[in-house]
Amino acid sequence: MRRLTLLLGLALVAVLALLSLFIGAIPLDPRTLFSDPEAARLILISRLPRTLAAILSGGALAVTGQVMQILARNRFIEPVTAGAGQSAALGILLVTLFLPGAPIWAKMAIASLTTLVGSIGLLALIRPLPPTQPLLVPLVALVYGGIIGAVVTFVAYQGDMTQFIGTWLSGELSGVLRGRYEMLWIAGLAAAATWIIADRITLLGLGASTARSLGVNVARITALGVAAISVVTAMTVVTVGAIPFIGLVIPNLTARLLGDNLRRTLPVSALFGAALVLAADILGRVIRMPFEVPVSATVGVVGAALFLYLLYREPRHAA
Amino acid sequence: MISIRNVSHSIDHHPILHDVSLDIPRGGITALIGPNGAGKSTLLSLVARLAALTTGEISVDTLQIGKCKDRDLAKVLAIMPQSTQVSSRLTIRDLVGFGRYPWHQGHPGPEDREKVEETLTRFGLEPLAHRFLDEVSGGQKQRAFAAMAYAQSTPYLLLDEPLNNLDIAASRSLMRLLRDMAEEDGKTILIVLHDINYAAAFADRLVVMKEGRIAADGKPEKVVSAKLLYDVFGTDAPVCMMDERPVVLV
């Protein structure tokens, strides 16, 4: 089952990546790729970075969504909409306002830091909620994200920067060019690093006391998980903007298919996440050619449909 | 030996345990019983280092609670989790496999795999091994958690009210498994139980707690009496002997 889904995910990503390279406002014929220098330039400067951005952000968001759901012990939560995404936007907004000359790495570091604070705030907020009421967690997260989002809008309005926040709060890949997406590799690395602690995160899912009684350093693993979530969210929000639903739908899909053993499921989630963003981006390019629909909008529609299907599908239980 | 010396504990300035001292030598099942709020679960979680020890000392063999590493203690002491609080979708084989975590730290070797298969067979879980935890019954789930604790291969095993939400068949089969582990593997089992009859039927020794102190301690037939039920639990219930075991008529 796992091998099958892994192969399926790989095949999907490969096919969609190829499509993504050759579909767009400027027509491109694969046969002229090596004879026509313009075609090669288009691929290298625009299409390849865009495709890589979709793969990296989709994969990383799916992985950290899965980690977040284990840490929060709730399946209806994802970082981008639960305050982390808004905190990243707040961070980059504040830097742009008060330290406009700061080097790019400093801006990224500050955005990661505010995201970290935002994520820790959320985890502290939902910790006392009773586990018997699983829907309280996403509700609180929604309100929390909404409040931080309101602060972002307010600050942007005061600083006359409302036109900027759109680029952070709604994800778009049409602006991705070589030289403007490379931060996403950091997101990819941070997501990949969670693979190292996958076993221990899975054990956290059994409860803090069980994890501790098996010798897991609960505080350290939680901190590492939250750090990975924050870095991924900050990098994606700042480079391509918030892409919702990936971190919610994909982990639910893989958990349904393969369970919660992250050592097994994280690679599958990463592939499915990459495939979903690629597919949504390609869809956004062809719906109204030559105009483009932002990837956050198409992901929202596709993701919502997928999530509803998962919710309403008959759950499998013991015979 | 688990050695508990002069342990006192408060939660939010509420005193829960008063100067408790208790020795649990190797071997056999010791049951902690007592009315709600007597401090049984608190004492168990202190031994399990899941609550921070503030006053007194606890040691398990040569390991001092609060000073030794979690990882070292995990090879000596297993704690069976309360399965009702777990919502992870793991297969039973994976769950049992995670019991080996203290030994392999994420890189299971052939001996770990062997232990997992042996555990699955012993607990009769082989036919369910590929099933997810949310696809089996409550009793099967509890059995899987017991198997996980067994696979941890520790000389000591702690359980906090494992019979909650189990029907009589599942309760008896779980207690019988614990009995086997104590007798065949020589495990030392410390268990918090609600039901005195289960404690009297399956434990070698009862430690009765009341208001944060030890009220009685000894073999079930010595400890369980109508007077104890009245003094500690505040209820009038007759006790009769069957097969040399005391039975509370409820």
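So that the names make sense, note that chain A is the first sequence line, chain B the second, and so on, each numbered from 1. Reckoned from all heavy atoms, side chains included, excluding hydrogens, waters and symmetry mates. These numbers come from a predicted model, not from an experiment.
- By a heavy-atom distance cut of under 4.5 Å, B/Arg49, B/Leu50 are the residues of residues 44-51 of chain B near chain A, going up by number.
- For CZ of B/Arg179, the number of neighbouring non-hydrogen atoms (other residues, nucleotides, ligands) closer than 6.0 Å is greater than 12.
- Listed by sequence position, A/Gly205, A/Leu206, A/Ser209, A/Thr210, A/Arg212, A/Ser213, A/Leu214, A/Gly215, A/Val216 are the residues of residues 204-229 of chain A in contact with chain B, using a 4.5 angstrom heavy-atom cutoff.
- There is no contact between B/Met80 and chain A, counting heavy-atom distances below 4.5 Å.
- Contact of A/Leu258 with chain B is made through the backbone alone, with heavy-atom distances under 4.5 Å.
- Heavy atoms of B/Leu95 lying under 4.5 Å from chain A belong exclusively to its side chain.
- Counting heavy atoms from C-beta outward, B/Leu77 and B/Thr154 have side chains that stay 4.5 Å or more apart.
- Considering every non-hydrogen atom in both A/Asn74 and A/Pro134, the closest pair reads ND2-O, 2.7 Å.
- Without hydrogens or angle criteria, A/Tyr144 side chain to A/Gly118 main chain gives a donor-acceptor distance under 3.5 Å.
- With hydrogens and angles ignored, the 3.5 Å screen pairs a side-chain donor or acceptor of B/Glu135 with a backbone N or O of B/Phe132.
- For A/Leu135, the CG atom is densely surrounded, since the number of other residues' heavy atoms within 6.0 Å is greater than 12.
- Relative ring orientation between A/Phe76 and A/Phe307 is described as perpendicular, the plane-to-plane angle rising above 60° on a 0-90° scale split at 30° and 60°.
- Interatomic distance, CD1 of B/Ile4 versus CG of B/Asp23, reported as 8.0 Å (0.5 Å rounding).
- Residues B/Arg205 and B/Ile24 form a side-chain contact, since some pair of their non-hydrogen atoms from C-beta on lies under 4.5 Å apart.
- Every pair passing side-chain hydrogen bond (donor to acceptor under 3.5 Å, both in side chains) that includes a residue from residues 57-69 of chain B is listed here, sequence neighbours excluded: B/Arg26-B/Asp61, B/Asp61-B/Tyr156.
- Within residues 111-128 of chain B, no residue has any heavy atom under 4.5 Å from a heavy atom of chain A.
- Checked by atom type and distance alone, the side chain of B/Gln142 pairs as donor or acceptor with a backbone atom of B/Pro162 at under 3.5 Å.
- Under the side-chain contact (heavy atoms from CB on, under 4.5 Å) test applied with A/Arg75, the options A/Val137, A/Asp260, A/Leu310, A/Leu248 reduce to a single match, A/Asp260.
- Ion pairing between B/Asp94 and A/Arg263 fails under the 4.0 Å rule for side-chain N and carboxylate O.
- B/Phe202 and B/Tyr198 have parallel rings, their planes meeting at less than 30° on a 0 to 90° scale where 60° marks the start of perpendicular.
- For chain A, no part of B/Leu73 is nearby; none of its heavy atoms comes within less than 4.5 Å.
- The OH atom of B/Tyr101 sits 12.0 Å away from the CD atom of B/Gln152 when rounded to the nearest 0.5 Å.
- Across A/Leu203, A/Thr202, A/Ile70, the residue that shares the most heavy-atom pairs under 4.5 angstrom with chain B is A/Leu203.
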